[in-house]
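Every chain is numbered from 1, with letters handed out A, B, ... down the list of sequences.
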Amino acid sequence: MRIVTWNVNSIRKREEIVRDWLRDHAPDVLLLQETKVTDDKFPGASFEEIGYRLAIHGQPGLNGVAILSRHELTDIRTGLDGEEGDEQARYIEATIAGMRVASVYVPNGTSVGSDKFDYKMRFFARLQRRIRALLEAGETFVIGGDYNVAPDSIDVYDPRACAGEICFHDDERRAFRSMLWNGVYDAFRSVHATRRQFSWWDMRGGSWERDEGMRIDHLLLSPEALDRLEGSDADPSTRAGKGVSDHIPVWCDIGEPQRPRW
DNA sequence: ATGGTGGGTCACCCA
């Protein structure tokens, strides 16, 4: 089962690109972030026509997450607990082929020390609580998305230039590691221990041309999903050219269970 | 240190 995560930076702008990519690669599941559209205006038919079912959670103009799946989607759940009145559409989760699969769009945080940065840090704590609940429930799960944090020095173009900056600040990296210490695993890094592979390059300042990117899109796996992990990679070809997202798709392949659970 | 481009919606916010 191939599960892909892709921040598309507006699904309406990227509808053709995403549909063509899905036709070429035919993954089982695509987790979308920054769809930037309300549910009634999501271009769902375009993906249903090529064999995908949808679970969508959007809002006007900002954020927005979705799950596209070739298999049945059940028990769809949206949002994270822990913040009264939070209207931001950043989390959706569903059961697909016996696994819980989620798409998450962690807040960018804008700048270290801002109100939005505080919200980002609270969001990490809320996400961690969800991870703990899934682990305690014994679920096999994959949470893919734009985490807006590069975990390690190898994951940024210049660790000195990025030190203390948004998406590489120690507080964010600690929050990411804190999730891992509960017993979830970064799929790409589990497969490629030392490979430098960015998933995002800023639209501004010719970052793509200079290869000044970061690896901020991740798939976090439960232990059972890690046992079944058969591969993980990304597709930088989608970043070339005009009219593309600033993020590229990142995926993992989860094999069939090899034996009954203990 | 700033600003660069490209989304959103409709004078700016967000990345």
Side-chain angles (χ1 to χ4, degrees), chain A residues 5-21 30-44 46 56-66 83 85-91 103-124 127 144-151 155-169 171-173 175-176 198-218 234 236-250:
Chain A
T5 182
W6 196 359
N7 178 326
V8 292
N9 187 21
S10 170
I11 191 59
R12 283 184 292 183
K13 279 278 173 191
R14 240 59 76 184
E15 181 182 344
E16 298 275 334
I17 284 174
V18 173
R19 194 178 57 215
D20 289 350
W21 195 88
L30 176 61
L31 307 171
L32 296 170
Q33 301 88 36
E34 284 206 89
T35 54
K36 295 189 173 182
V37 67
T38 50
D39 295 354
D40 58 310
K41 297 199 178 92
F42 192 100
S46 181
I56 55 181
H57 178 45
Q59 67 180 87
L62 286 172
N63 308 319
V65 285
E83 189 141 331
D86 185 6
E87 301 289 324
Q88 300 192 32
R90 296 182 176 276
Y91 188 85
S103 176
V104 64
Y105 177 45
V106 173
N108 168 280
T110 308
S111 65
V112 175
S114 66
D115 289 348
K116 291 189 175 68
F117 186 79
D118 294 341
Y119 175 68
K120 180 178 194 174
M121 296 306 297
R122 293 198 302 277
F123 191 91
F124 277 127
L127 180 58
D146 177 359
Y147 285 77
N148 265 314
V149 59
D155 299 315
V156 298
Y157 62 97
D158 182 347
R160 282 195 192 175
C162 296
E165 298 293 327
I166 200 72
C167 298
F168 196 59
H169 189 274
D171 289 352
E172 303 168 60
R173 296 171 62 198
F176 188 79
F198 303 141
S199 67
W200 166 85
W201 295 258
D202 203 315
M203 296 275 195
R204 299 163 289 192
S207 300
W208 166 251
E209 289 73 15
R210 294 207 298 267
D211 196 26
E212 292 184 353
M214 291 187 180
R215 191 176 70 92
I216 58 176
D217 299 272
H218 311 296
S237 75
T238 59
R239 185 62 178 78
K242 292 222 183 279
V244 298
S245 172
D246 45 351
H247 297 252
I248 63 171
V250 178

If the P atom of B/dG3 is compared with that of B/dG8, how far apart are they to the nearest Å? 25 Å
For nucleotides B/dG7 and B/dT2, find the distance between their P atoms and express it as a whole number of Å. 26 Å
Could I get the full list of side-chain contact (heavy atoms from CB on, under 4.5 Å) partners for A/E165, not counting sequence neighbours? none
Can a salt bridge be assigned to the pair A/R204 and A/D202 using a cut-off of 4.0 Å between side-chain N and carboxylate O? yes
Kindly write out the residues that satisfy ring-ring contact (aromatic ring centres under 6.0 Å, His included) with A/F176, not counting sequence neighbours, or none if the list is empty. A/Y147, A/H218
Partners passing side-chain contact (heavy atoms from CB on, under 4.5 Å) against A/A234 (at least two apart in sequence or in another chain): A/Q197, A/I248, A/V250
By nearest heavy atom, map A/K116 and A/G243 onto DNA chain B; which one lands nearer the 5' end? A/G243
Write down the distance separating the P atoms in B/dT5 and B/dC10, rounded off to the nearest Å. 24 Å
Residue pair A/P60/A/P107 against DNA chain B: nearer the 5' end by closest nucleotide is A/P60
Taking any atom under 4.0 angstrom from a heavy atom of chain A, which nucleotides of DNA chain B are the first and last to qualify, 5' to 3'? B/dG4 to B/dA15
Under the side chain to side chain donor-acceptor pair (under 3.5 Å) rule, collect the residues that match up with A/T38, sequence neighbours excluded. A/D40
Please test A/S199 against A/D217 for side chain to side chain donor-acceptor pair (under 3.5 Å), starting from the C-alpha separation and ending with a verdict. CA-CA 6 Å; A/S199 67; A/D217 299 272; 2.6 Å; yes
Same-atom distance (P) from B/dA1 to B/dG6, integer angstrom: 27 Å
What residues form a side-chain contact (heavy atoms from CB on, under 4.5 Å) with A/A150, not counting sequence neighbours? A/D155, A/V156, A/F168, A/M214, A/I216
Going by the rule ring-ring contact (aromatic ring centres under 6.0 Å, His included), which residues pair with A/F117 if we only count those two or more places apart in sequence or in a different chain? A/H169
What stems involve DNA chain B, if each pair must be Watson-Crick or G-U and both of its distances must be under 3.5 Å, with 3 or more such pairs in a row? B:5-8 with B:12-15
By the 4.0 Å heavy-atom rule, please label A/S207 as base, sugar-phosphate, or nothing. nothing
The criterion is side-chain contact (heavy atoms from CB on, under 4.5 Å); which residues satisfy it with A/V18, sequence neighbours excluded? A/W6, A/V8, A/I11, A/R14, A/L22, A/L30, A/F47
Using the C1' atom as the reference point in each nucleotide, state the distance between B/dA15 and B/dG4 in Å, no decimals. 13 Å
